[in-house]
2 protein chains.
Amino acid sequence: MSTTTTSYSISALAQEFGITTRTIRFYEDKGLLSPERRGQTRIYSPEDRVRLKLILRGKRLGFSLDESREIIDMYDPSKGNVDQLNRLLERIDAKRQQLRQQQRDIEKMLAQLDEATARTRAALKEQTS
Amino acid sequence: MSTTTTSYSISALAQEFGITTRTIRFYEDKGLLSPERRGQTRIYSPEDRVRLKLILRGKRLGFSLDESREIIDMYDPSKGNVDQLNRLLERIDAKRQQLRQQQRDIEKMLAQLDEATARTRAALKEQTS
DNA sequence: GTTGACCTTTACGTTAACGTAAACGTCAAT
DNA sequence: ATTGACGTTTACGTTAACGTAAAGGTCAAC
């Protein structure tokens, strides 16, 4: 059995995702990441990288860091009694509905953009005539 | 020919959309709304209402007010020479791609939530056994 | 041994999107 | 004529999500 342990430096991750190291440290400060340390230096695992990816995905959807943290934590329901697990199921469902709302919003906006394109093309024809 | 002119007070709109009057005035301050006035009092037209709806839709998608303004303005390409109209077409396309990215992000997140639900249900079975 | 490329912490600064309060005007109802 | 419900402006306060130094530590390369 062989195990290959990939790891990343903070600047490597920053470059890959087009963010600054400040941002990554900020996420750690907010409890969204907790990389290991070799001395003072942060060492990021593939799992850390995945978490960062999820954070940035949430960001693209307009989620706050608190929301992203919530969603990430949903993936691991290790802790909790029956009551807490049931509440978790509700929160998951709430997020699902929010995402469905966003889907509807996107559909409408895309339709609006199609309209905008048509109008702009029409305006162009006016100009060129 | 008959014309019915519907209008809204600021508090009526605030209540309908679940926001505060402060927020509506703030949007006006930022140039996103420009209602008529009867004396000092603001009078909102159906078009103003639509604009407000678009702003809030953008907000749900994580857009800044500047972005929402841009999108709203795209709908009316009245002003502009050929060059500006072409640039407008490009910006519209950019927004479209951004929305498509968001669609992909939502798909992945929904899948992630399904996983989370499954895991939570499994954890519940453990507890109940 | 010093330069350069990394890393670190600490801390003050900035922007967006409002919240919150103060102080005031208007107008219908009691 | 005063209360209450609405409207107004002005202005300071707040939070999130970083940006931007400053000051310093490490370590390989020249």
Side-chain angles (χ1 to χ4, degrees), chain A residues 5-45 48-49 51-73 95 98 102 105, chain B residues 5-45 48-49 51-73 95 98 102 105:
Chain A
T5 312
T6 314
S7 71
Y8 310 87
S9 75
I10 191 169
S11 59
L13 286 182
Q15 206 175 11
E16 175 180 358
F17 293 113
I19 57 183
T20 69
T21 60
R22 172 67 173 98
T23 297
I24 297 181
R25 291 196 193 97
F26 179 75
Y27 293 162
E28 179 176 351
D29 220 65
K30 293 299 165 181
L32 290 161
L33 295 172
S34 35
E36 300 192 353
R37 301 263 182 157
R38 192 172 51 199
Q40 285 263 79
T41 307
R42 278 164 256 250
I43 310 284
Y44 295 87
S45 69
D48 289 327
R49 207 191 81 128
R51 289 179 72 91
L52 182 51
K53 250 176 123 169
L54 294 181
I55 297 169
L56 297 177
R57 178 180 298 159
K59 203 180 160 193
R60 286 194 299 273
L61 291 176
F63 289 16
S64 71
L65 294 183
D66 279 351
E67 287 178 301
S68 285
R69 191 211 339 259
E70 200 195 354
I71 293 179
I72 292 175
D73 287 349
K95 276 299 162 195
Q98 182 184 343
Q102 285 190 313
D105 286 329
Chain B
T5 312
T6 313
S7 71
Y8 309 88
S9 73
I10 191 169
S11 59
L13 285 183
Q15 207 176 10
E16 175 179 0
F17 293 114
I19 58 182
T20 69
T21 60
R22 172 67 173 99
T23 297
I24 298 181
R25 291 197 192 95
F26 180 74
Y27 292 162
E28 179 176 351
D29 220 65
K30 293 298 166 182
L32 291 161
L33 295 173
S34 35
E36 301 192 353
R37 299 264 182 156
R38 192 172 50 199
Q40 285 263 80
T41 307
R42 277 164 257 250
I43 309 283
Y44 296 87
S45 69
D48 290 327
R49 207 191 84 133
R51 290 179 71 91
L52 183 50
K53 249 176 124 169
L54 295 181
I55 297 169
L56 297 178
R57 179 180 298 160
K59 202 181 160 192
R60 285 194 298 273
L61 291 176
F63 289 15
S64 72
L65 293 182
D66 280 351
E67 286 177 301
S68 286
R69 191 211 339 259
E70 201 195 353
I71 292 179
I72 292 175
D73 288 349
K95 276 299 161 194
Q98 182 184 343
Q102 284 190 313
D105 286 329

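Protein chains get the first letters and strands the later ones, always in sequence-line order, with residue 1 at the start of each.
- A straight line from CD of B:E67 to C1' of C:dA16 spans 12 Å, rounded to a whole angstrom.
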Quick test: give all pairs of protein nitrogen or oxygen and nucleotides 24-28 of chain C nitrogen or oxygen below 3.5 Å, distance rounded to 0.1 Å.
none

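- When the P atom of C:dC6 is taken as reference, atom OH of A:Y8 falls 19 Å away, rounded to whole Å.
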Return the polar atom pairs (N/O with N/O) between nucleotides 6-13 of chain D and the protein under 3.5 Å, or none.
residue, atom, partner, partner atom, Å
D:dG7, OP1, B:S9, OG, 3.4
D:dG7, OP1, B:S11, N, 3.2
D:dG7, OP1, B:S11, OG, 2.6
D:dG7, OP2, B:S11, OG, 3.1
D:dT8, OP1, B:R42, N, 3.0
D:dT8, OP1, B:R42, NE, 2.7
D:dT8, OP2, B:R25, NE, 3.1
D:dT8, OP2, B:R25, NH2, 2.4
D:dT9, OP1, B:R37, NH1, 3.1
D:dT9, OP1, B:R37, NH2, 3.4
D:dT9, OP2, B:R42, NH2, 2.1

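- A:S34 pairs by the side-chain hydrogen bond (donor to acceptor under 3.5 Å, both in side chains) definition with nothing, not counting sequence neighbours.
- Here the closest non-hydrogen pair linking B:L65 and B:K30 is CD1-CG, 4.4 Å.
- When the side chain to side chain contact (heavy atoms under 4.5 Å, CB included) test is applied to B:S64, the partners found at least two apart in sequence or on another chain are B:D66, B:E67.
- Checked against side-chain hydrogen bond (donor to acceptor under 3.5 Å, both in side chains), B:S45 has the following partners two or more places apart in sequence or in another chain: B:E47, B:D48.
- A search for side chain to side chain contact (heavy atoms under 4.5 Å, CB included) contacts involving A:S68 returns A:F63, not counting sequence neighbours.
- Remark: B:R37 engages B:E28, B:R42 in a side chain to side chain contact (heavy atoms under 4.5 Å, CB included) (not counting sequence neighbours).
- For B:T6, the side chain to side chain contact (heavy atoms under 4.5 Å, CB included) test picks out B:Y8, B:P46, with sequence neighbours left out.
- Spacing between atom CD of B:E28 and atom C1' of C:dC18 amounts to 15 Å, rounded to whole angstrom units.
- For B:E36, the side-chain hydrogen bond (donor to acceptor under 3.5 Å, both in side chains) test picks out no residue, with sequence neighbours left out.
- Taking each heavy atom of A:Y44 and A:S9 in turn, the nearest pair found is CD1-C, 4.1 Å.
- Distances shown here put a side-chain N or O of A:Y27 below 4.0 Å from the OP1 or OP2 atom of D:dC18.
- Residues meeting the side-chain hydrogen bond (donor to acceptor under 3.5 Å, both in side chains) test with B:S7, sequence neighbours left out: none.
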Name the atoms and distances for all side-chain donor-acceptor pairs under 3.5 Å in residues 12-26 of chain B, with sequence neighbours left out.
residue, atom, partner, partner atom, Å
B:E16, OE1, B:R49, NH1, 3.2
B:E16, OE2, B:R49, NH1, 2.5
B:T20, OG1, B:R22, N, 3.4
B:T20, OG1, B:T23, N, 3.2
B:T20, OG1, B:T23, OG1, 3.1
B:T21, OG1, B:R25, NH1, 3.4

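- B:K30 places its NZ atom 7 Å from the P atom of C:dA16, with the value rounded to the nearest Å.
- For residues 55-66 of chain A, proximity to DNA chain D is found at A:K59, A:S64, A:L65, defined as any non-hydrogen atom under 4.0 angstrom from a strand atom.
- One finds a side-chain N or O of B:T20 lying less than 4.0 angstrom from the OP1 or OP2 phosphate oxygen of C:dG19.
- A:D29 has its CG atom 13 Å from the C1' atom of D:dA16, to the nearest Å.
- In this structure, the CG atom of B:L32 is 10 Å from the P atom of C:dC18, given to the nearest Å.
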